[in-house]
Amino acid sequence: VVTGASSGIGRELARQLAASGLAVGLTARRADRLDELAETIRRDGGRVAVATADAADPVATRDALQSLAQALGPIDVLVANAGVAINASALAFDPGAVRRTFEVNLLGVSEAIAAVLPGMLERGRGHLVGVSSLAGYRGLPGSAAYAASKAALSSLLEGLRIELEPRGIAVTTVEPGFVATAMTAGAPFPKPWQWSPERAARYIVRGLERERRLVRFPWPLVAIQRLVSVLPPGIYDRLARRIVPVPPFPDPPRHETLSPPPVQ
Ligand SMILES: NC(=O)c1ccc[n+]([C@@H]2O[C@H](COP(=O)([O-])OP(=O)(O)OC[C@H]3O[C@@H](n4cnc5c(N)ncnc54)[C@H](OP(=O)(O)O)[C@@H]3O)[C@@H](O)[C@H]2O)c1
């Protein structure tokens, strides 16, 4: 099963996994996109089923995974790929955007895992895959909630991996750099070494076939991230401000319009 299969990396992953002979379950919110992909896969001789769900809705997520298992059989591989990136300035800080980001990028993944893990444990085999990001290694200006959600996701997957591997369940954390998808189109920051979704999916599928614990790409960005992750905060902050110029976000709240504090 691939979540977030209606576009970008997830769509291409589902297509390539189906081409490799696996029966694939597709889920996301946009039914028309999923149906169109399913049609393509069927035309190429693949086995596929579709179920729509909002990843932020625990009941819908479990129902969707259950219906895919009914259609195709037990879920042996879960690729939790659905994700959102809400770019927002710290000057217009919105806890709702943080909540929404975590609901999809972290809690949505955890609901999907909870729906398939008991069956995997019973069968003594399975493969959990989470699509995190190289963005999770340091705080990111303009994408603070996104980076935090991916840091949490990578940590969650690592913790699960250590316990689940001896039970026959592989856990793979995928940490892409920039991939040319709807998520990054028009994003107000540089995207060095950007890969196409086809190339990214090919690299990920190869990593999944080998049950690698960590699939990260492209290597120049991985090397930079490694270096950046050990920089002291003062140096990192100056560097981050130069590389990610403050984007044209909405105007910051005007403090002079705030009501005066109540008189005690
Ligand atoms: N593109 C990059 O540079 C990059 C880099 C690192 C990591 N990633 C990660 O890769 C994953 C895929 O992103 P992408 O680049 O392929 O972006 P994308 O083209 O925008 O695809 C995002 C997918 O997630 C699904 N999705 C979003 N919100 C959802 C929700 N509430 N419920 C269910 N599905 C939802 C979307 O489907 P619907 O809208 O139909 O629901 C879509 O299929 C994400 O986790 C992203 O964080 C991307």
Side-chain angles (χ1 to χ4, degrees), residues 1-16 24-38 50-65 68 78-87 96-97 99-112 115 129-137 140 143 145-154 156-157 172-201 203-204 207 214-218 221-222 225 244:
V1 167
V2 180
T3 78
S6 60
S7 74
I9 299 171
R11 182 184 198 284
E12 195 49 36
L13 272 175
R15 209 186 56 74
Q16 292 188 22
V24 289
L26 314 176
T27 177
R29 289 167 303 176
R30 286 170 292 178
D32 54 336
R33 300 259 188 142
L34 295 178
D35 288 340
E36 179 260 324
L37 173 60
V50 166
T52 53
D54 186 330
D57 179 340
V59 177
T61 298
R62 282 174 184 248
D63 286 352
L65 287 163
L68 292 174
L78 168 71
V79 183
N81 158 81
V84 283
I86 304 169
N87 295 322
R99 190 178 313 115
R100 178 71 187 165
T101 305
F102 271 73
E103 272 171 1
V104 178
N105 294 5
L106 182 73
L107 305 178
V109 174
S110 99
E111 289 298 339
V129 182
V131 181
S132 184
S133 171
L134 284 180
Y137 282 83
L140 275 186
S143 304
Y146 179 74
S149 73
K150 294 300 189 181
L153 176 58
S154 290
L156 177 79
L157 293 168
T172 299
T173 306
V174 179
E175 294 178 344
F178 297 106
V179 182
T181 67
M183 181 175 280
T184 48
F189 44 73
K191 287 161 261 177
W193 298 289
Q194 181 170 254
W195 281 14
S196 68
E198 292 79 10
R199 185 176 179 192
Y203 190 78
I204 295 168
L214 201 50
V215 175
R216 303 198 279 189
F217 57 89
L221 214 52
V222 173
Q225 280 304 88
V244 187

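Both counts, for ligands and for their atoms, begin at 1 and track the order of listing. We use all heavy atoms of the structure for the numbers below, so side chains are in, but hydrogens, waters and symmetry mates are not. These numbers come from a predicted model, not from an experiment.
Atom CZ of Arg30 is separated from atom OG1 of Thr52 by 12.5 Å, given to the nearest 0.5 angstrom. Note that CZ of Arg11 and OG1 of Thr181 are 13.0 Å apart. Values are rounded to the nearest 0.5 Å.
Asn81 places no side-chain N or O within donor-acceptor distance of the main-chain N or O of Val2, the cut-off being under 3.5 Å. Judged by distance alone, the side chain of Ser132 and the main-chain N or O of Lys150 form a donor-acceptor pair under 3.5 Å. With hydrogens and angles ignored, the 3.5 Å screen pairs no side-chain donor or acceptor of Thr61 with any backbone N or O of Ala112.
Residue contacts with ligand 1 leave out Glu175, since none of its heavy atoms falls under 4.0 Å from the ligand. Within the 4.0 Å heavy-atom cutoff, Glu12 does not count among the residues contacting ligand 1. Using a 4.0 angstrom heavy-atom cutoff, Ala85 does not count as in contact with ligand 1. For Ala180, the heavy-atom gap to ligand 1 stays at 4.0 angstrom or more. Heavy-atom separations between Gly108 and ligand 1 are all 4.0 Å or longer.
Remark: ligand 1 atoms within the under-4.0 Å shell around heavy atoms of Gly83 are 22 (C), 24 (O), 27 (C), 44 (C), 45 (O). Those atoms of ligand 1 with a heavy atom of Gly8 less than 4.0 angstrom away are 16 (O), 19 (O). Every atom of ligand 1 with a heavy atom of Arg100 under 4.0 Å away is listed here by number and element: 31 (N). Taking every non-hydrogen atom of Thr184 and a distance limit under 4.0 Å, the qualifying atoms of ligand 1 come out as 1 (N), 2 (C), 3 (O). For ligand 1 and Val84, the ligand atoms under 4.0 Å from any heavy atom of the residue are 27 (C), 28 (N). Of all the atoms in ligand 1, the ones that sit under 4.0 Å from a non-hydrogen atom of Val131 are 9 (C), 10 (O), 11 (C), 45 (O). Residue Phe178 has at least one heavy-atom neighbour below 4.0 Å for each of these atoms of ligand 1: 3 (O). Proximity to Tyr146 (heavy-atom distance under 4.0 Å) selects the following atoms of ligand 1: 6 (C), 7 (C), 8 (N), 9 (C), 46 (C), 47 (O).
The closest side-chain heavy-atom distance from Leu78 to Thr3 is below 4.5 Å. Using a 4.5 Å heavy-atom threshold, the side chains of Leu134 and Val222 count as touching. Inter-residue side-chain proximity for Leu140 and Phe189 is flagged as unmet; no heavy-atom pair is nearer than 4.5 Å. A heavy-atom distance below 4.5 Å is found between the side chains of Val129 and Val174.
When heavy-atom distances to ligand 1 are checked against a 4.0 Å cut-off, Ser132 comes that close only through its backbone atoms N, CA, C and O. In Val179, the parts holding a heavy atom less than 4.0 Å from any atom of ligand 1 are both the side chain and the backbone.
Here the closest non-hydrogen pair linking Gly207 and Val215 is CA-CG2, 4.0 Å. Minimum interatomic distance between Phe178 and Pro190 (heavy atoms only, all atoms of both residues): CZ-O, 3.7 Å.
Residue pairs meeting the side-chain hydrogen bond (donor to acceptor under 3.5 Å, both in side chains) criterion with at least one member in residues 191-200, sequence neighbours excluded: Ser196-Glu198.
The option with the heavy atom closest to atom 12 (C) of ligand 1, from among Asp54, Asn81, Leu26, is Asn81. Considering Ala53, Pro176, Ala135 only, the shortest heavy-atom separation from atom 6 (C) of ligand 1 involves Pro176. Evaluated by nearest non-hydrogen atom to atom 30 (C) of ligand 1, the leading choice among Met183, Arg29, Arg11 is Arg29. Here the shortest heavy-atom distance to atom 4 (C) of ligand 1, taken over Ala5, Gly177, Ser6, Ala60, belongs to Gly177.
The protein non-hydrogen atom at the shortest distance from atom 32 (N) of ligand 1 is Ala55 N, 2.7 Å. Protein heavy atom at the shortest distance from atom 15 (O) of ligand 1 is Thr181 OG1, 2.6 Å. Closest to atom 48 (C) of ligand 1 among all protein heavy atoms lies Ile9 CD1, 3.8 Å. Here the protein heavy atom with the shortest distance to atom 18 (P) of ligand 1 is Ser7 OG, 3.4 Å. Gly4 CA, 3.6 Å is the protein heavy atom nearest to atom 25 (C) of ligand 1. Among protein heavy atoms, atom 35 (C) of ligand 1 sits closest to Ala82 CB, 3.8 Å.
The side-chain hydrogen bond (donor to acceptor under 3.5 Å, both in side chains) test applied to Thr172 returns His127, not counting sequence neighbours.
In this structure, Arg99 places its CZ atom where only 12 or fewer heavy-atom neighbours from other residues, nucleotides or ligands lie under 6.0 Å away.
Using a 4.0 Å cut-off between a side-chain N of Lys or Arg and a carboxylate O of Asp or Glu, Glu36 and Arg33 do not qualify as a salt bridge.
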